[in-house]
2 protein chains.
Amino acid sequence: MDGAPGFRPLYRQVYDHLVKQISTGVWKAAEALPSEHALASSLGVSQGTVRKALDAMASENLIERRQGKGTYVSQYNEQSALFRFFRMAHPGGEKVIPDCGEKSISRRPANATEARKLAIKPDDMVVELRRTRWVEGRPAIFEMIVLPLALFPDIDRYDPLPNALYTLYQAEFDINIVQAEEELHADIARKEDASRLDLPLGSPILQIDRIAIDIAGRPVELRTSRCDTARLVYAVSIR
Amino acid sequence: MDGAPGFRPLYRQVYDHLVKQISTGVWKAAEALPSEHALASSLGVSQGTVRKALDAMASENLIERRQGKGTYVSQYNEQSALFRFFRMAHPGGEKVIPDCGEKSISRRPANATEARKLAIKPDDMVVELRRTRWVEGRPAIFEMIVLPLALFPDIDRYDPLPNALYTLYQAEFDINIVQAEEELHADIARKEDASRLDLPLGSPILQIDRIAIDIAGRPVELRTSRCDTARLVYAVSIR
DNA sequence: GAGTGGTCTAGACCACGCA
DNA sequence: GCGTGGTCTAGACCACTCT
C-alpha cells in the first residue's frame, strides 16, 4: 500500500494501487479482480474504502462491476470500443458502424511534432498506418495513425487489422486506452482526400486530431482523421 | 420522500427530490443547501444516504461543496460557464475567450424542426438571436440562437447581453443549463459567413449544432455556430 | 469552539448469478 | 445456498472555515 507524503486519502491510495496492478498487467483485460472483501483484508482497509476506490475506477471505465458475479478489468469489444471513441453518427444521433477499406502500413522515424506529442525521442521509430473507412457502401473517413514502435513491436505484421484497433492494442500489447484528446477543424478536400473519399476537390472536410492516452497516462497513439461530413456528423455530449 | 413503484434506491430518491427542489427554485443559484445532517433528519434517512445523493449531484456540477462551509447550488460566472460549454481553443489546448460583436434579435413562430427539437408546438413563439463573436481582434464565430419565448419572457429587452448567455438564463429566468448535445460538420463559407466572418467565399467552416438541456431535463436552447477554424480548433476530451 | 463537509470503519440486509 | 456486488445505517474522527 505504500505511504506517500503529499497526503492522499486512503481510498485514493487504494485506487492508485489497483490502477497500477492493472497497468502493470497483474490483472489483465477481462479478468476478475479479487472480491471487495478479499481486497479489503489483503490491503488492511475496510470494505467501504475499497468500494470507494472501485466505484471511482468503474466511473472511469477502467473496470466493470457485475452484481452477483464480481469486478472485471474492462474488456474492449468491437462494439464498446467503437461506440466509446468513434464519435461519427447520423444527424439526429443514430449510431453508425464503419467498415475498413484499403490500408497501408510502414515504419519510419518520428518527426519532431510526433516525438513531442508521443513523448519519445525524435528519430525513434514509429509505425504509420493509413486506412480508409467506409460507411454504408461509401468511403467516409481517411485515417492516418502513428504509433511508437517500442510500445507496439511488430504491429505491422498483424493482418487483417480489427475494425476497432483498441481491442488489438489491449489483447496483443496490454495497452488499455482510457482517454482521448481531440481537436477538430474544418478544411477543404485536397487531392488525396478527393481520391480516397471519392469527392470533388474543394469539398468540406472535417479533420480530427487525436492523442490517445493509456491507463498509465502515457500518450500512445496519434490519429488524424479526415471525414466527409455530408452524411455524417461528429456527435458530443457536454455535461 | 414519496414512494415510487419502479424501485429506485433511497439515495436515488433523495437525489431526485433535491434536484426537484433546485429546478423548481426552492433553492436558487449560489444559495446554500441545508447541511447534510439537517437534510438527513428532515428526510428521515441517514447522513450517508444524503451524502451519496449530494456526491452524485456534485459530480454533475449541479452543486458545489466547500469543506467547512456548506453545499451551494452551482452559480455560473462568465469564466466557468464559458469554459464549460465553449469548446473553441488554440491548437495545443490553450483556452480562448471570445468577445461579442454586432447582434440582432427578433421574435417569430418556431418552424417545424425547431418545435420538434425544443418540444414545443409549431408556431409557438421563439426568440431568434444572431451575433458575431470575436477572438483576438478578428471575427471568428457566427451564432444563431433560438429560445422558446415562453421560457424566456421578454429576453429580447435585455441589453447588453452577457458574453456567456447561460449566466443570464440562470440569473433572470432560473434556468440552469447542465448539459449540451452537439453535432459538428464541415461546410463551406456562404455569402453570409463570408461577410460576417470576413472570409473568402468557399473557405472551410466548422458548423456546430447544439441543443442545451436544463436541470429539469428540458431542451431549452438551440444554437448553431459557424466557426472559422483557421486559427481555432474545437477541443474535446473523451474518457 | 462550533459547525460544516471529508474520510473511514463495521455491520446488517438486499439483489443477483450460479451451481 | 453461497458468494458476489449494492444499499443503508450509525458513529468516530479529521480538515477546514468562520466567529
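Below, read A as the first sequence line, B as the second, and so on, with proteins coming before strands; counting in each chain starts at 1. All figures in this text were calculated on a predicted structure; none of them were measured in a lab.
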Separation of B/Ile63 atom CD1 from C/dG6 atom C1', in whole Å?
-> 14 Å
Nearest whole angstrom, please: distance from the C1' of D/dT4 to the CD of A/Glu31.
-> 18 Å
Verify the contact: side-chain N or O of A/Arg66 to OP1 or OP2 of C/dC16, cut-off strictly under 4.0 Å; return yes or no.
-> no
Out of D/dC8, C/dT7, C/dG17, minimum distance to the side chain of B/Pro9 belongs to D/dC8
Side-chain N or O of A/Lys52 less than 4.0 angstrom from OP1 or OP2 on C/dT7?
-> yes
Quick note, A/Gln67 side chain, CB onward, closest among D/dT9, C/dA15, C/dC8 is C/dA15
Send over the distance from B/Asp55 CG to D/dT7 P, rounded to a whole Å.
-> 13 Å
Is the shortest side-chain N/O distance from A/Thr71 to OP1 or OP2 of D/dT4 below 4.0 Å?
-> no
Any salt bridge between B/Glu143 and B/Arg210, counting N to O under 4.0 Å?
-> no
B/Thr49 side chain near D/dT9 phosphate (N/O to OP1/OP2, under 4.0 Å) | yes
B/Arg84 side chain to B/Val178 backbone, donor-acceptor under 3.5 Å = yes
Give the rounded distance in Å between these two atoms: CG of B/Leu54 and C1' of C/dT4.
-> 12 Å
A/Gly68 or A/Arg12: which one's nearest nucleotide on DNA chain C is closer to the 5' end?
-> A/Arg12
Ignoring backbone atoms, test whether B/Arg51 places a side-chain nitrogen or oxygen under 4.0 Å from the OP1 or OP2 oxygen of C/dG6.
-> yes
B/Gln47 CD to C/dT9 P, straight-line distance once rounded to whole Å = 17 Å
Would you kindly give the CG-to-P distance between B/Leu39 and C/dG3, to the nearest whole Å?
-> 17 Å
With no hydrogens and no angle check, do the side chains of A/Tyr166 and A/Glu78 hold a donor and an acceptor under 3.5 Å apart?
-> no
Would you call A/Arg157 and A/Asp154 a salt bridge, taking side-chain N to carboxylate O under 4.0 Å as the test?
-> yes
Mind calculating the distance between CD (A/Glu64) and P (C/dG17) to the nearest angstrom?
-> 14 Å
Do A/Tyr158 and A/Glu172 meet the criterion of a side-chain donor-acceptor pair at a distance under 3.5 Å?
-> yes
Protein-nucleotide distance (B/Glu36, atom CD; D/dC13, atom P), rounded to Å = 19 Å
N/O (side chain, A/Lys69) to phosphate O (OP1/OP2, D/dG5) under 4.0 Å | no
